[in-house]
Every structure is written in C-alpha cells, then in structure tokens.
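Notes for the one structure printed next.
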Amino acid sequence: MRNEHLRCRLMSSQTPPSTSSEIPQTPSEYEAQRRKNRDAITALGLQPYGRRTEGLSSVAQAKSAYDPVADEDAAKNGKTPGFVDRRPTTKIAGRVVLSRDNGKLIWMNLRDHTGDIQIAVSQRDVSATEFSLAKLLDLSDVVVAEGRLMKTRTGEITVWCTSLSIGCKSLVPPPAKHEGLTDQEIRYRQRYVDLWANPETLRTFLLRSSIVSRMRQFLVQHGYTEVETPMLQALAGGAAARPFITKMNALNINLYMRIAPELYLKRLLVGGMPKVFEINRNFRNEGLDKQHNPEFTMLEAYHAFGDVETVMNLTESLIRDSAVGIAEQVVGPGAPPVLPFGDLTIDYGRPFERIAYPDLFERAMGYPITNIDRARKDLRERLPQHAAQAEKADPALVINELFEAFAEGLVDHARPTFITDYPAAISPLTRAKPDNPNLADRADLFIAGMEIAPHYTELNDPDVQESRFREQLSALEPGKGAEESTFRTMDHDFIRALKVGMPPAGGMGLGVDRLAMLLTNQRTIRDVVLFPLMRPEE
RNA sequence: GAGGGUGUAGCUCAGUCGGUAGAGCAGCGGCCUUUUAAGCCGCGGGUCCAGGGUUCGAGUCCCUGCGCCCUCACCA
C-alpha cells in the first residue's frame with residue numbers, strides 16, 4: 001500500500017509541468033529552449049526520461065564488434081538483389097557530445113564510460129517519429145541508438161541507426177565542446193559534469209576504484225580479515241590530530257568523528273583476530289592543501305606476532321601489486337610497474353630503498369645525531385626562523401628540525417624509500433628497538449616527497465602505554481590546552497584491553513588518496529577524491 | 001595565516017591610454033543525405049563576482065569583502 005502511494009508520487013513527479021508557473025525558477029534562455037524541445041518530444045508520444053533498456057553494449061564493445069569483411073561485402077554488393085547484410089547490429093547508450101545536422105542525415109557522436117562513437121540518423125532508415133526526435137535532441141542528452149556497424153568513406157566506425165530513443169533530456173547546456181570543462185571550481189563542485197565532459201577524469205576515478213578493490217583482494221589473499229570499526233567515537237584517539245565534534249541526541253553526548261581506527265583495530269588483536277585491516281575514512285579538523293582533504297581514506301593493517309619489518313614488507317608488496325595492476329591497465333598486460341608522476345618516473349618493481357634516520361642525518365649534516373651542541377648551533381645559524389626551537393629542552397626536536405630541513409631532501413623522490421630508526425623521543429607511541437632504547441621501531445615510507453605510510457612495532461605493555469598517554473596529555477602546550485584537552489582524554493578502555501593482553505604486533509597505515517595520486521599521476525588530492533570538500537555555495 | 005594570480009555571454013576567452021560590451025563555440029530561423037570541432041546565409045544573447053570610492057564618464061583606477069587557482073607557512 002505504502003509502496004503504491006510512493007510510486008504514484010514518483011510517477012506524477014516525472015510528468016512535466018503543463019503550465020510555466022510550475023517551473024521552479026526563471027530558466028535561462030538555454031534551459032527554456034531545452035524544456036521546449038523536451039515538451040516537443042513528449043508531444044511526439046515519446047517519454048523524454050526513458051525506460052528500462054535491455055541488451056545494451058558499451059561503446060568499446062560496439063567498436064570491437066565491427067566486422068570489416070561484412071562491411072566491405074555490404075558496400076560492394078548492398079544493392080544487388082537477394083543480398084544478405086551480415087554486418088553486426090549493436091545497441092548503445094551515450095551522451096550526445098557532438099552533432100552535425102546535414103538536413104536529412106544527422107551525424108552525432110555519443111560518449112559512454114568506455115569512449116566515443118559516431119552514429120548516423122538517416123531520414124531514409126528510421127521512422128518519422130524517430131527522425132523528429134533526432135531533430136529535437138540537444139548536446140548532452142542521453143540517447144539509445146541501435147543499428148548496424150559500418151565504416152564511413154573516411155574510415156570512422158559508425159552505428160547506422162535503424163532505431164533511436166531518448167534516455168534522458170538534459171536541461172543544462174554542456175561545457176565548450178572542444179575545451180571541455182576547465183574551470184577547477186566547477187570540476188569539483190559539479191563532478192557529475194566533469195566526469196562525462198572530461199574522459200580523463202572518469203578514467204582516473206575508475207583507476208582509483210580498481211586500486212582499492214585490488215588492495216582488498218591482495219590483503220584478503222594474504223590472510224587479513226577486513227573489519228569495520230567505529231567512525232563515531234566517544235574518544236578520538238590513535239593519532240595526534242584535531243577531530244570534528246558532533247552531537248548525539250539520544251544519549252545527549254558529544255561524539256567525535258574518528259581521526260584513526262588504530263585503537264579499535266588493536267582491540268581486535270586482543271580479541272584474537274590475528275591479521276586485520278580496515279579501509280575507510282578518517283576525519284581531521286585541519287586545513288586543506290594539495291595533500292590534505294579533511295576526510296581521507298586510510299588503510300590500516302595489523303599483524304599479530306609481526307613487527308615493523310613484517311608490515312614494511314606488506315606495504316612494499318601491496319604497493320608493488322597495485323602498481324602492477326595500474327601498469328597493466330594503462331600500458332598493457334605484462335607491463336612493468338613503472339609509472340610517471342609529474343616529472344618523475346617511479347619504478348615500483350625495484351626493491352624499495354631503506355635508509356636509517358641517523359645515517360641520513362649524518363649524511364646531510366656531517367656529524368651524528370648525538371652531537372647536540374653542534375645541532376643547536378646549526379639550527380640557530382642555518383634556520384634562524386626556527387631559532388626558538390634551538391632553546392627547547394628536548395634535543396630530539398632540534399635534531400628533527402634539521403632533519404626535515406636538510407636530510408629529507410636527500411631522499412630520491414623517484415625511488416620509494418623507507419626511513420627507519422626514528423629517534424624514540426619523537427615517536428612517543430612506538431616501541432623502542434630491542435637493541436637500542438633511543439631509537440623507535442618505526443619506518444615511514446616516502447614516495448615523491450610525500451609521506452605515504454608509517455609502520456610501527458606496536459606498544460603492547462599496558463603500563464608503558466598508560467604512561468605514554470599521560471606524557472602526551474601533560475605535554476599539551478598551554479595555549480592549546482583548554483581546547484585540546486576537551487578531546488584528548490585517557491582511553492581507559494584501551495588500557496584495559498592491553499591489560500587483557502595484546503600479542504606483539506606490527507601495524508601500518510597507508511594514505512590511500514596519496515597512493516592513488518601517485519599511481520594515477522594526479523598532482524592534487526582533489527583530483528582523486530570524487531567530491532572534495534568545498535566551501536558551501538552562497 | 002602571508003604573498004601572487006584570477007573572476008566579462010551557456011562554455012572557452014579577448015577587451016589597448018578611463019570614452020557605445022567583443023570573438024569562437026553553443027542557441028534561434030533558413031538551406032543541406034557521408035559529416036569529423038561539418039559547411040553556408042541571417043538573428044538574438046551581458047547584475048563585466050559583490051559593495052563602496054575617485055571621475056563629466058569605470059569592465060578598466062582605488063578601497064573592502066567573497067569564490068577559485070598557485071607558492072610559502074602552519075598542521076600531520
């Protein structure tokens with residue numbers, strides 16, 4: 001009953017308004033003209049918003065079905081009596097991207113997600129109604145064309161229509177046919193236009209989709225279990241970042257959008273799931289730039305009885321497999337995983353470089369990280385804008401300023417590189433190396449200068465974890481304290497979980513958007529996020 | 001947060017020294033049965049991002065604000 005009612009309402013809303021007073025806003029000249037054409041299509045007895053259509057081929061399938069022998073035969077013998085036309089027929093749906101009306105013969109180019117193809121609508125070969133429809137079509141309408149596959153005199157594969165119908169009327173004029181849609185703002189705000197008007201955009205997102213599904217497949221094949229943990233959390237933990245705050249009415253409490261799934265995934269290790277991963281969104285209340293969108297997709301994976309080395313190997317093989325998948329789609333089967341990113345050519349097939357933090361520091365500065373006096377002096381002299389840092393109590397921060405300024409730049413951007421052996425002092429949530437308590441069992445993967453994935457040997461001593469939490473809380477800067485202490489709270493349940501006992505484990509987090517940027521050669525995160533965050537219109 | 005760029009027709013863009021708002025495509029009317037960004041003839045189309053100022057006169061110069069892009073900084 002209820003469905004009936006809904007259906008009636010839906011159907012009535014599909015009926016075009018008969019009076020102009022029902023048109024919601026003043027239409028542009030273009031929209032008015034298209035509404036007029038739509039009404040004329042309705043007047044022909046056709047439904048301008050189409051209906052279910054079976055037996056559709058993609059444009060790519062149609063093109064590959066073209067039969068040159070049959071076409072030549074038809075061209076040569078088509079007019080002889082008793083001729084049997086063996087050219088294959090096809091039925092395709094696509095958006096009208098070009099139209100050339102020669103009077104009694106209309107050429108149009110249709111586009112679907114696989115490409116463009118030309119169709120011809122001849123007055124001689126379709127019904128009078130269908131030919132009238134063809135005359136009433138506008139650029140960016142979606143049509144269904146059926147006919148035989150042939151080549152024109154100039155050699156272009158064409159569907160010579162025997163029937164034509166409309167899938168939907170477009171009331172909005174398309175972007176310039178030659179330039180496409182170039183306005184960045186409209187590309188992001190109206191992605192639905194960008195996707196059809198710029199085939200490169202659709203291609204990028206199809207590639208991104210294939211990366212993510214192939215990653216899932218890879219992880220499952222390697223024995224990892226995919227899980228989903230809370231996105232709404234009473235405590236936003238697992239990373240040092242500011243969360244989005246939201247409110248739950250029923251319980252009258254504040255909740256936070258998660259900044260990381262880490263603490264929940266570790267609880268699953270406690271529960272006895274040995275290898276888990278999650279691919280999902282994290283939310284961080286920070287600024288936007290080429291590498292940051294407030295919501296972004298993160299892969300986190302944990303491996304019980306593994307360590308940092310275990311997950312480094314996982315990341316390396318996972319990224320290599322992703323690159324192989326992309327190379328096969330972009331270049332062809334068997335293509336090596338070598339992909340361009342801007343001016344770089346990145347070979348994902350070679351073993352990833354591994355450089356220890358202290359070694360890289362010494363290579364850049366000429367002295368070891370233990371030479372704190374020298375480091376303080378360097379910071380004052382070479383980075384005066386960070387002079388205040390030099391007076392800070394913790395030497396590791398001094399070292400790290402210099403490291404970021406001078407050492408990170410030595411990493412070859414074209415070569416995926418793990419930086420290992422970070423100072424323990426700047427890695428508060430990581431276990432120390434078994435043979436050196438001053439170094440953390442942590443490795444960060446950099447590609448093209450971007451931080452792609454951190455790896456850790458996870459803390460599993462509840463007492464150590466609790467004291468690290470406390471240190472983090474007490475280290476809050478006075479100015480930020482009031483605000484940040486509202487969401488930085490001790491996660492007692494997580495400590496309780498560690499008391500139950502978490503096996504030793506390796507864990508990693510991989511920025512899926514950044515990996516998608518690298519593999520699809522897009523310079524900004526906004527070009528690999530379908531609907532990037534924009535300031536609201538108006 | 002700082003600096004730079006940009007905003008003009010549905011789209012892509014010109015617009016000189018401050019002096020009647022322009023082009024191509026798209027649209028409308030007409031012609032055209034093998035076109036390739038089809039072609040030919042004709043026609044219409046503007047809140048020059050918004051607000052203020054200077055000026056006889058502002059798309060143009062000045063100020064303020066907003067959007068987008070780029071670089072840097074911050075954050076991670």
Side-chain angles (χ1 to χ4, degrees), chain A residues 26-37 75 96-110 116-126 131 134-140 150-161 170-190 193-194 197-198 238-243 259-260 282-294 296 298 383 385-386 400 404-405 426-427 429 444 450-454 477 480 484 509 511 514 523-527 532-538:
Chain A
T26 310
S28 69
E29 179 199 344
Y30 287 85
E31 181 171 333
Q33 181 57 41
R34 281 161 182 262
R35 286 181 184 278
K36 210 172 120 192
N37 290 345
V96 180
V97 291
L98 290 173
S99 177
R100 297 173 292 283
D101 185 345
N102 285 20
K104 298 191 176 73
L105 175 64
I106 304 169
W107 304 93
M108 286 186 283
N109 293 49
L110 303 189
D116 292 5
I117 193 170
Q118 176 169 272
I119 69 168
V121 185
S122 164
Q123 192 173 40
R124 197 182 291 141
D125 297 310
V126 298
F131 195 72
K135 289 281 186 186
L136 290 166
L137 290 175
D138 292 302
L139 293 179
S140 84
M150 48 84 70
K151 264 189 185 173
T152 60
R153 284 172 194 165
T154 49
E156 178 150 359
I157 295 177
T158 299
V159 177
W160 197 271
C161 288
S170 174
L171 299 178
V172 179
K177 63 186 181 187
H178 191 230
E179 294 88 353
L181 180 58
T182 60
D183 185 306
Q184 289 296 333
E185 181 176 358
I186 299 175
R187 286 191 55 222
Y188 298 143
R189 287 193 192 276
Q190 302 183 32
V193 176
D194 184 32
N198 295 326
R242 306 171 68 177
I259 56 174
N282 288 344
F283 307 86
R284 297 190 180 173
N285 207 338
E286 291 160 5
L288 308 102
D289 63 33
K290 278 195 298 190
Q291 292 177 33
H292 296 84
N293 194 55
F296 61 99
M298 182 93 154
L383 294 173
Q385 67 273 33
H386 292 109
N400 203 43
E404 287 181 357
I426 58 168
S427 312
L429 296 177
D444 280 13
M450 282 193 287
E451 189 178 355
I452 297 298
E477 288 172 37
K480 287 180 171 180
E484 301 218 343
R514 290 180 184 178
R523 277 161 27 82
T524 83
I525 194 170
R526 293 184 149 200
D527 289 325
L533 188 88
M534 303 285 283
R535 190 179 293 277
E537 292 180 271
E538 293 160 7

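Lettering of chains follows the sequences in order, A, B, ..., and the numbering in each one begins at 1.
- In the model, A:D527 has a side-chain atom that pairs as donor or acceptor with a side-chain atom of A:Y188 under 3.5 Å.
- With a 3.5 Å ceiling on both atom-pair distances, B:rU55 lacks any Watson-Crick or G-U wobble partner.
- Across all strands shown, A:R526 has heavy atoms under 4.0 Å from sugar-phosphate atoms exclusively, and none from any base.
- Across the protein-nucleic acid pair, A:I452 atom CD1 and B:rA76 atom P stand 18 Å apart, rounded to whole Å.
- The side chain of A:L98 sits closest to B:rA37 out of B:rG10, B:rU71, B:rA37.
- A:T182 has a side-chain polar atom (N or O) that falls below the 4.0 Å cut-off from OP1 or OP2 of B:rU12.
- Judged by distance alone, with hydrogens and angles left aside, the side-chain atoms of A:R514 form a donor-acceptor pair with the main-chain N or O of A:E451 at under 3.5 Å.
- With hydrogens and angles left out, the side chain of A:N102 and the base of B:rA38 share a donor-acceptor pair within 3.5 Å.
- An OP1 or OP2 oxygen of B:rA38 is reached within less than 4.0 angstrom by a side-chain nitrogen or oxygen of A:R100.
- The separation of B:rC48 from B:rC31, taken at their P atoms, amounts to 38 Å, rounded to a whole angstrom.
- With hydrogens and angles ignored, the 3.5 Å screen pairs a side-chain donor or acceptor of A:K135 with a backbone N or O of A:G103.
- When each of B:rG27, B:rU33, B:rA76 is scored by its nearest atom to the side-chain atoms of A:Q123, the top-ranked nucleotide is B:rU33.
- Remark: B:rU20 base-pairs with no nucleotide; criterion is Watson-Crick or G-U wobble with both hydrogen-bond distances under 3.5 Å.
- A:Q184 has no side-chain polar atom (N or O) that falls below the 4.0 Å cut-off from OP1 or OP2 of B:rC68.
- In terms of position along RNA chain B, the nucleotide closest to A:D183 lies nearer the 5' end than the nucleotide closest to the other residue of the pair A:D183 and A:R153.
- When both distances must be under 3.5 Å, the Watson-Crick or G-U wobble mate of B:rG39 is B:rC31.
- A straight line from CG of A:L139 to C1' of B:rA37 spans 11 Å, rounded to a whole angstrom.
- Between the P atom of B:rA38 and the CD1 atom of A:I106 lies a distance of 14 Å, rounded to the nearest Å.
- For A:E29, the listed nucleotide lying nearest its side chain is B:rG45; candidates were B:rG45, B:rU34, B:rA26.
- Separation of the P atoms belonging to B:rU47 and B:rA37 is 33 Å when rounded to the nearest angstrom.
- Distance check on atom P: B:rC40 versus B:rG46 gives 26 Å, rounded to whole Å.
- In this structure, A:K36 does not reach the B:rG27 phosphate: none of its side-chain N or O atoms is under 4.0 Å from OP1 or OP2.
- Between the side chains of A:Q190 and A:D194, no donor-acceptor pair is found at a separation under 3.5 Å.
- For the pair A:P173 and A:G155, nearest-nucleotide mapping onto RNA chain B gives the more 5' position to A:P173.
- Regarding contacts with the backbone of B:rG10, every side-chain N or O of A:R34 stays at 4.0 angstrom or more from both OP1 and OP2.
- Between the P atom of B:rA76 and the CD1 atom of A:I259 lies a distance of 11 Å, rounded to the nearest Å.
- Taking the C1' atom of each, B:rU8 and B:rC49 are spaced 10 Å apart, rounded to whole Å.
- Searching all strands for a Watson-Crick or G-U wobble partner of B:rU6 with both distances below 3.5 Å returns B:rG67.
- Distance from the side chain of A:M150 is smallest for B:rU34 among the nucleotides B:rC74, B:rA26, B:rU34.
- Note on A:R284: only backbone sugar-phosphate atoms sit closer than 4.0 angstrom, heavy atoms only; bases stay farther off.
- Counting only heavy atoms from C-beta on, A:T524 has its side chain closest to B:rC70 among B:rU12, B:rU33, B:rC70.
- As the counterpart of B:rA26, no nucleotide is assigned, since no Watson-Crick or G-U wobble pattern has both distances under 3.5 Å.
- Note: CD1 (A:I525) to C1' (B:rC69) measures 17 Å, nearest angstrom.
- Counting to the nearest Å, the C1' atom of B:rC11 and the CZ atom of A:R189 are 18 Å from each other.
- The distance between atom CG of A:N109 and atom P of B:rU34, rounded to the nearest whole Å, is 17 Å.
- Contact annotation: side chain of A:T152 to base of B:rU35, donor-acceptor pair present below 3.5 Å.
- Residue side chain A:Q118 reaches the base of B:rU35 through a donor-acceptor N/O pair under 3.5 Å, judged by distance alone.
- Here, B:rU12 and B:rU6 have their C1' atoms 15 Å apart, quoted to the whole Å.
- Exactly one residue among A:T182, A:D183, A:L181, A:I186 makes a side-chain contact (heavy atoms from CB on, under 4.5 Å) with A:P175. That residue is A:L181.
- For the C1' atom pair drawn from B:rU64 and B:rG19, the interatomic distance equals 27 Å after rounding to whole Å.
- Checked by atom type and distance alone, the side chain of A:R100 never pairs as donor or acceptor with a backbone atom of A:M108 at under 3.5 Å.
- Side-chain proximity of A:Q33 to B:rU12, B:rC74, B:rG27: nearest is B:rG27.
- Summarising the base pairing, B:rA73 is matched to no nucleotide, lacking a Watson-Crick or G-U wobble pair whose two defining distances lie under 3.5 Å.
- Formation of a donor-acceptor pair under 3.5 Å by the A:R526 side chain with backbone atoms of A:L533 is found in this model.
- Using C1' as the reference atom, B:rG27 and B:rG44 are 9 Å apart when rounded to the nearest Å.
- Enclosure of atom NZ in A:K36 is not indicated, since only 12 or fewer non-hydrogen atoms of other residues, nucleotides or ligands lie within 6.0 angstrom.
- With rounding to whole Å, A:I186 atom CD1 is found 13 Å from B:rC49 atom C1'.
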Next item on the list: Output, in order, the C-alpha distance, side-chain angles, deciding distance and verdict of side-chain contact (heavy atoms from CB on, under 4.5 Å) for A:L98 and A:W107.
Entry: CA-CA 8 Å; A:L98 290 173; A:W107 304 93; over 6 Å; no
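- Distance check on atom C1': B:rA9 versus B:rC25 gives 12 Å, rounded to whole Å.
- Considering only side-chain atoms of A:S122, the nucleotide from B:rG10, B:rU33, B:rC69 that sits closest is B:rU33.
- Of the candidates B:rC69, B:rC28, B:rC75, the closest approach to any side-chain atom of A:H292 belongs to B:rC75.
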